Amino acid sequence: MSLLEIRNLHAGYGQMTILKGIDMMLDAGEIGVIVGPNGAGKSTTLKAIFGMLNITEGSIHFDGHDITGISPEKLAAHKIAMVPQEHNVFATLTVHENLEMGAYTRRDDYSRVMDEVYEIFPPLKDKRRQAAGELSGGQRQMVAFGRALMIEPKLILLDEPTAGLSPMYMSEIFDRVIAINKLGVTVAMVEQNAKQALAIAHKGFVLANGQNSYTDTGRALLDNPEVAKSFLGG
Amino acid sequence: MNELVFFINKGILAGAIIGSIYALGAIGVTLIFGILRFAHFAHGDMMTLGAFIAYVLAAALAAAGFAGPLPIAMMVLPIVMILTAGISIGIDRTFYQPLRRSGAKGIVLVMASIGVTLMLQGLIRLFAGPSSRELYFNEPKDIFRIEVPGANQMITVTEPQLALFIVTLISVIALHYFLSRSRLGKAMRAVSDNPSLAQVTGISIETVVRATWIIGGGLAALAGTMLALDVSLKPDLSFNILLPIFAATIVGGIGQPYGAIAGGFVVGYAETLAVFNWSVLLRPIARWTDNAFEVPASLAIVPTDYKLMVPFVLLILILIYRPTGIFKGRVL
Amino acid sequence: EDFKIGFIGGMTGPIESLMPPIVAGAELAIAQINEQGGFFGDESQASLVIGDDGCVDATRASDAADRLVNVESVKAIVGAMCSGATVAAANNAAVPGGVVMISPASTAPSLTTLEDNDLVFRTAPSDAFQGEVLANLVFNKGITSVAVSYVNNDYGTGFADAFGAAFEAAGGQVLASEAHEDGKADYRAEIGSLSSTGAEALVVLAYVDGSGGTLIRQAVEGGDFSQFVGGDGMVGNRLGELVGSSADGMIATRPGSPELPGRAAYDAAAEEAGFDPSATFAAQSYDAAFLLALALQKNGGEMEGLNTALREIATEPGEVILPGEWEKAVELIAAGQDINYEGASGSHEFDDAGDVPGVFDEMTVENGEFVVVGPAT
Amino acid sequence: MSAIIEVKSVSKRFGGFHAVNDCTLSVEKGSVTGLIGPNGAGKSTLFNMVAGTLEPTSGTILFDGEDVTGLPSHALYKRRLLRTFQIAHEFSNMTVLENLMMVPDNQTGEGLIGAWFMPVRVGREEEAIRRKAEEVLDFLKITHVKTELAGNLSGGQKKLLELGRTMMTDAKVVLLDEIAAGVNRTLLNDLASNIERLNRELGYTFFVIEHDMDLIARLCDPVIVMAAGSVMTQGHIADIQNDPRVIEAYFGGSPTGNATVAHANQVEARP
Amino acid sequence: MTDNRRDLLLFAGLGVLFAIIFVTQGTAYSLRVTVEALCYAMIAFGLSLQWGTAGLFNVGIMGFIAAGAFASLFVTFPVNQAFWDSEGPAMLGDVLVKVAIGAAAVFAVSRSGKIGLPKPLVTFLTLVTLAVAYLVVSASLDPTARYIEREAGFVGGLGLPVYFGWAAAGIVAGAIAWVVGKICLGLRSDYLAIATLGIAQIIKTFLKNADWLTRGTQTVSPLPWPVPGAAEVGFTAARASYLVLTAVMLVIVYMLLQRVYHAPWGRMMRAIRDNEDAASAMGKDVTKRRLEIFVFGCVLMGIGGATLIHFNTIFDPNGFVDLNHTFLIWVMVILGGPGNNRGAIFGALLVYVIWTMSEPVTLVIFDYIRTIGRDLFGWQAPADLNSRALAMRVFVIGLTITMVLRFAPKGVIPERLSRKA
Ligand SMILES: Nc1ncnc2c1ncn2[C@@H]1O[C@H](COP(=O)(O)OP(=O)(O)OP(=O)(O)O)[C@@H](O)[C@H]1O
Ligand SMILES: Nc1ncnc2c1ncn2[C@@H]1O[C@H](COP(=O)(O)OP(=O)(O)OP(=O)(O)O)[C@@H](O)[C@H]1O
Ligand SMILES: [Mg+2]
Ligand SMILES: [Mg+2]
């Protein structure tokens with residue numbers, strides 16, 4: 001039994017179907033990386049897992065529970081966190097409050113996690129009293145990632161977490177993904193920095209036109225010349 | 001000295017009273033505006049509704065011979081607030097929630113709230129008729145007169161006015177702390193900022209909406225009752241002061257509790273001081289200087305007919321220099 | 001056949017709180033007529049068709065009048081209330097449609113000069129008269145300086161102009177005359193500006209149920225004035241509820257006269273019908289409806305020439321008809337005799353413009369209640 | 001060569017915070033100049049000031065020798081300076097095609113008189129603009145969404161649209177703010193070729209903010225490094241990558257940012 | 001095509017509704033409702049343009065209607081010879097000169113930043129100049145006003161034909177909009193709303209209290225009609241010709257609007273609505289364009305207001321109420337479908353019918369309640385049931401509005417985003 005099981009997923013926005021049969025399995029403790037051209041349906045897949053759109057066919061199971069079409073706010077209780085690709089910070093809330101909101105479902109003391117986030121991203125510490133909307137593009141990404149860490153999730157869904165980050169923080173994010181993964185957190189991430197991402201992935205999924213086109217280990221995908229040419233930029 | 005007392009009564013206190021009335025209304029408006037992101041036009045009639053509930057309860061209690069240290073209408077306030085909050089949730093369920101669900105824009109909700117306000121107006125008049133009433137039963141309204149040495153006039157405030165100041169101040173501070181410190185308050189701001197992200201972090205939108213209406217409805221009941229205690233209970237009174245309340249909200253900055261009080265006082269004082277007859281203050285100077293100059297009988301900045309214009313002129317001036325209000329409100 | 005009489009009132013809008021007794025007045029008249037056998041002794045009943053003018057909304061007023069004239073085909077109209085509404089209703093529907101209107105409440109002097117083909121009448125005297133009477137009354141009480149606060153509409157402005165002119169002509173001083181807006185929560189600023197003039201009395205020309213009551217209460221609470229003066233709009237039991245006995249000694253006038261022979265009959269009928277007989281404009285409204293019914297009876301139910309019939313039944317000479325005496329009137333008319341209605345609010349001797357001369361009560365407040373002192377001159 | 005953009009001791013303050021602090025730099029006509037620096041260094045803020053979206057707190061900005069400090073952005077557009085936004089600023093309630101078609105200026109149909117009384121001329125212009133827009137869409141490989149609302153595009157597609165708008169009309173200078181972020185690498189290669197072509201053939205000047213070192217290395221010379229609101233150094237990418245200060249502030253240890261090799265090997269080892 | 005069919009069906013439904021009204025309420029009255037609805041439709045066009053196309057949150061419609069109505073009154077009302085024979089014109093001219101000088105001075109000072117004065121100082125000097133100008137002007141206006149009121153009542157009109165009046169209504173409303181826009185259009189959404197709301201109150205307060213100019217609350221009537229009135233040719237003929245006139249104007253305006261809406265002009269405006277930063281970066285002069293559309297919209301509002309006021313033949317400044325002249329129009333536009341001119345017409349007709357028909361409908365409903373209550377439960381209805389019923393009129397309106405919105409939250413005929421390839 002995999003931790004996350006997606007079978008034959010069909011989903012879309014309103015009338016329009018975008019995902020036309022996605023299959024995806026992730027075992028506990030794995031890193032899965034989703035790559036593909038722009039508009040392939042990568043973000044849509046993550047959103048579908050998170051109950052944010054109409055699922056017309058197929059099923060999603062998490063940890064043995066059927067979570068197909070469950071509303072997003074319930075998923076936080078399952079300890080699933082997500083970093084959306086766009087609009088991923090509360091622009092009018094301060095950085096600190098953004099992190100607090102990440103821990104909204106927690107009733108215990110989370111100051112330790114908070115300190116850790118500030119440690120990973122020192123710029124956030126300086127800006128903790130500033131509204132997130134006033135941050136630079138990269139700083140926002142840090143906030144978004146930090147926010148997702150706050151519930152200490154079992155499964156974390158990351159939609160292009162490194163977009164807009166300087167090389168230093170890009171590697172920081174990858175390191176962090178590895179670190180939390182080592183603690184047993186399962187990671188599903190969409191990346192355009194595909195080479196680096198696939199390098200750390202246990203599983204890789206290449207999506208095109210709303211369907212799986214390749215599924216393999218990260219390494220194998222990297223080494224597949226076909227994949228490299230059409231999706232990874234040679 | 002008399003002139004000074006006159007200025008305190010007719011300038012400072014009068015401005016503060018009307019300012020508090022506007023502010024108290026604006027707190028509720030600014031909350032709903034800030035969190036649910038639409039101008040809730042039915043707030044005025046929610047205020048009236050609250051005041052009516054207070055009236056009915058207080059009248060029943062008064063008939064039963066109940067009496068207490070405060071006016072009955074003030075003592076029943078907690079119950080009134082709860083009832084009004086319940087009604088606002090009901091209104092939201094029936095009229096606003098379906099619109100939100102279908103992804104309607106804020107402006108559609110504004111129009112729906114105009115519809116709701118019309119319905120409330122009809123119902124209130126159907127059941128209570130258009131006449132006006134008093135919220136004081138059996139007990140007289142206390143008037144405090146403070147003597148000032150050297151003056152034969154006295155500084156005057158009434159009991160409901162005093163209560164009004166206190167209630168306004170408490171509500172503003174409480175709301176500010178609620179929104180900026182409490183978990184639910186922050187969640188409310190998060191939802192208003194980015195509902196889908198809020199859901200992703202596990203915040204239930206419905207809980208937040210319900211909380212907003214509970215507080216908003218309660219504040220409306222509070223404002224309506226205080227207003228009715230000070231003036232009197234008329235079906236159209238709150239609706240008539242809805243525009244200045246909105247003005248106060250926006251001048252203060254949308255979603256800013258302190259903005260509500262700043263805006264309320266700006267509008268209130270603008271109205272009051274613009275028509276204040278400043279020659280009153282010149283008279284003692286003239287006396288001391290042995291009438292070195294002649295004091296004109298009336299020296300108001302604008303005649304009372306044009307009083308209505310003043311707050312709006314001021315408002316536009318303020319917005320030109322602070323485009324999102326005094327306290328940097330939200331842009332929706 | 002039913003005889004429909006229209007009624008246009010400000011059911012919504014600024015004077016809504018004055019309306020219930022005004023409607024009740026007209027309804028009382030209709031009820032009495034129907035009880036006493038209806039029209040022409042053949043059980044033709046009268047009915048009242050109500051429309052709303054929103055008081056300040058000319059479009060709505062025209063619309064309501066138009067509906068009455070063109071859809072309901074009323075024979076005549078009681079209304080409208082606010083003078084602007086009356087003008088709009090007359091110009092747009094009643095006058096082109098040849099329908100007689102009697103307004104029980106439009107007191108603006110400007111109505112006198114309306115070009116109306118002699119179709120628009122009123123049972124409330126023009127404020128031009130009342131202003132003069134009130135001014136003289138106040139001056140004769142020994143008050144020489146006043147501050148006036150009037151509601152900013154046709155009623156208030158017209159009244160204040162007339163009052164001010166007459167008071168100064170009598171030798172008094174109007175230290176300030178300022179308009180205020182109706183429906184606000186707070187008039188302390190206005191009161192402050194007025195009391196800073198040091199006037200002896202505050203003249204409030206507004207409605208007691210609206211801004212007028214609030215104004216006096218806030219003036220009392222602030223201790224700014226102790227002597228108040230008011231027009232007909234201020235007369236009402238509401239004042240006592242607002243300020244208790246603090247306005248005792250207030251001087252006021254209102255159309256009508258205590259010596260009117262018909263007043264007692266009307267008072268009794270109104271008490272029985274469950275509304276306050278002395279409510280503002282209620283008696284005028286009753287009279288308007290009764291007059292129209294009488295005129296219709298006289299005119300054989302025809303609309304053509306109704307205005308002439310109205311003048312005949314309302315003015316001297318003729319056998320006097322008092323409020324409620326419908327049966328008697330019908331008989332007299334059937335017998336071809338001339339009648340003269342002496343109403344609850346006046347004797348309604350219409351002049352050429354359709355106005356009634358001012359007959360006014362002098363009122364004062366004792367223990368929080370308005371009492372009639374006698375005829376004002 | 002002469003400078004087309006000259007930034008002279010420009011500062012921008014937000015509240016008490018100096019986002020850009022006494023920054024002086026220039027961009028040579030016909031060059032592809034890179035701008036890199038840590039997150040929050042003030043790069044986008046500088047762009048916003050050059051493009052007229054923000055007004056500098058102090059300092060002067062020259063465009064082609066002319067003082068343009070504080071001019072609104074449409075005035076800079078008129079001088080043929082185009083820009084993209086880091087966070088996509090699409091017209092979300094308009095179709096993708098309309099998003100592109102609105103770009104060219106001096107359209108007859110944009111005036112009331114033209115729209116009312118010159119339908120033929122407007123139609124002719126529209127036809128040409130539409131053809132141009134369709135070419136751009138083809139190039140960006142997003143033709144299939146041309147009638148989609150721009151708000152419904154995927155994150156990467158929005159970035160492409162952002163870039164597409166700068167291709168709708170002639171330009172002297174194009175400011176690109178992180179066009180690579182979120183864009184598929186295969187497509188990015190095509191984009192880079194296109195930038196090179198425009199630069200070479202039509203003489204466009206490009207000023208490029210980027211965190212993707214491959215792209216910077218391929219396109220840009222010189223590269224300017226910003227840190228804490230001012231210019232830290234500038235020069236050829238090879239020198240920059242070896243400058244210890246830049247490594248410290250920007251690359252964080254290794255010049256390519258690949259700190260993950262060790263883990264990658266670990267992944268291999270798992271069953 | 002399906003969109004068009006849907007619209008056709010909806011308008012057919014509306015046609016049936018009007019047919020029912022014509023049958024039950026008679027021709028004369030129904031014509032009046034129709035004419036007024038068309039006048040409102042003209043105003044709704046203006047708002048649909050401002051909000052639907054450009055996203056400008058104008059809540060000051062009442063002010064522009066009032067200004068337009070006044071302009072038309074001034075141009076068309078018969079000449080008041082008493083005024084022209086008095087000193088009034090000369091005194092007024094004097095005031096106008098002072099106003100002009102004051103305005104010029106304020107303008108000049110507010111531009112003094114150009115010669116290098118620091119901003120706070122400029123602001124301060126501007127305010128001081130403004131205050132001085134205000135004092136000077138009001139000092140000379142007060143006696144003039146009193147003189148005119150005493151000698152001539154009010155200034156009266158120019159006695160020109162009604163069409164000139166309507167044109168003037170558009171021009172004056174547009175001119176005011178230009179000034180307002182210059183000052184306020186930089187504001188965002190709700191802040192702009194409250195500023196325009198304020199402007200409307202200021203305009204109304206002025207018209208209401210400037211007795212020398214407008215007779216204030218004493219009202220001016222009858223305003224002339226461009227076609228023979230009911231007294232001359234009867235209700236039906238008079239209103240039918242007025243109807244034709246407004247319908248023709250409406251059709252012309254509709255065609256003009258459709259044309260620009262589908263031209264690059266409309267596209268540009270929608271772009272500005274969606275994202276002004278991006279539009280500006282794409283070379284569109286956002287401020288100028290917004291001003292353009294704001295003025296254009298207000299011109300329509302002014303003309304619509306004037307046609308409405310002339311139809312009712314009375315100018316009553318008290319009668320300009322936010323509920324009727326601002327919010328009602330908003331409801332029309334939102335319910336009809338913002339950004340769609342057909343939607344604006346549809347909304348205007350539908351909402352106005354609801355607005356007027358609510359009165360008879362409520363009365364009928366309450367009549368039933370009374371009858372049923374009496375017959376079934378022996379309930380004696382309270383005497384004032386009818387007047388209470390009329391208060392319920394607003395309830396019926398409110399209920400209908402919320403219900404329609406609920407089923408068509410994007411408007412009955414929503415904005416059509418052109419998806420054509
Ligand atoms: N509106 C604002 N209010 C306050 N601070 C701001 C505002 N905009 C930007 N800043 C601050 O200015 C600094 C520079 O921001 P800028 O967006 O220019 O960074 P950048 O160099 O583009 O970074 P990135 O590579 O992450 O996009 C940041 O620290 C940011 O927090
Ligand atoms: N809200 C929406 N409504 C309608 N269509 C949408 C919406 N969001 C995305 N789409 C469409 O769904 C398709 C897939 O979008 P998705 O965001 O999943 O792409 P993606 O693989 O994440 O691409 P990218 O790498 O560019 O982020 C795109 O063609 C897009 O146009
Ligand atoms: Mg994506
Ligand atoms: Mg940036």
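Every chain is numbered from 1, with letters handed out A, B, ... down the list of sequences. Since the model is a prediction, treat every value here as computed from it, not as a measurement.
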Let me know if [X] has heavy atoms under 4.5 Å from chain C in its side chain, its backbone, both or neither.
X        : result
B:Val280 : side chain
B:Phe6   : side chain
B:Arg145 : side chain
B:Ile155 : neither
B:Thr158 : side chain

Among B:Phe41, B:Phe312, B:Tyr22, find the residue that satisfies the ring pair (Phe, Tyr, Trp, His ring centres under 6.0 Å) test when tested with B:Phe246.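 Running ring pair (Phe, Tyr, Trp, His ring centres under 6.0 Å) over B:Phe41, B:Phe312, B:Tyr22 with B:Phe246 returns exactly one hit, B:Phe41.
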
In terms of heavy-atom pairs under 4.5 Å, which option from [options] contacts chain C the most?
options                                : answer
B:Lys141, B:Gln153, B:Glu271, B:Met154 : B:Lys141
B:Gly129, B:Ser132, B:Gly268           : B:Ser132
B:Asn240, B:Val231, B:Asp230           : B:Val231

Among [options], who wins on heavy-atom pairs under 4.5 Å with chain B?
options                               : value
C:Gln218, C:Glu178, C:Arg217          : C:Arg217
C:Gly223, C:Gly183, C:Gly213          : C:Gly183
C:Gly210, C:Ser149, C:Gly13, C:Ala185 : C:Ala185

Using only atom types and a distance under 3.5 Å, with no angle test, would you say the side chain of [X] pairs donor to acceptor with the backbone of [Y]?
X        : Y        : answer
C:Ser106 : C:Met81  : yes
B:Tyr269 : B:Ala274 : no
C:Asn152 : C:Thr157 : no
B:Thr225 : B:Ala221 : yes

Going by heavy atoms in the side chains, are [X] and [Y] under 4.5 Å from each other?
X        : Y        : value
C:Glu16  : B:Arg125 : yes
B:Arg133 : B:Ser232 : no
B:Glu159 : B:Leu70  : yes

Aromatic ring pairing B:Trp278/B:Phe7, orientation class (parallel under 30°, perpendicular over 60°, tilted between):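 The arrangement is tilted - the two ring planes meet at 30° to 60°.
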
Could you label the plane-to-plane angle of the C:Phe167 and C:Phe163 rings as parallel, tilted or perpendicular, counting under 30° as parallel and over 60° as perpendicular?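 Correct class here is parallel.
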
Taking side-chain hydrogen bond (donor to acceptor under 3.5 Å, both in side chains) as the cut-off, I'd like each qualifying pair that reaches into residues 8-20 of chain B, sequence neighbours left out, listed once.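 Of all non-adjacent pairs touching residues 8-20 of chain B, those that pass side-chain hydrogen bond (donor to acceptor under 3.5 Å, both in side chains) are B:Lys10-C:Asp224.
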
Could you check whether B:Glu134 pairs with C:Arg238 (Lys NZ or Arg NE/NH1/NH2 to Asp/Glu carboxylate O, under 4.0 Å)?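 Answer for the salt bridge query: yes.
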
Quick one: which residues of residues 190-199 of chain C reach chain B at under 4.5 angstrom, heavy atoms only?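 If one takes a 4.5 Å heavy-atom cut-off, the residues of residues 190-199 of chain C near chain B are C:Glu190, C:Ile191, C:Gly192, C:Ser193, C:Ser195, C:Ser196.
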
Where on C:Val220 is there a heavy atom nearer than 4.5 Å to chain B: the side chain, the backbone, both, or neither?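 Just the backbone, heavy atoms under 4.5 Å.
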
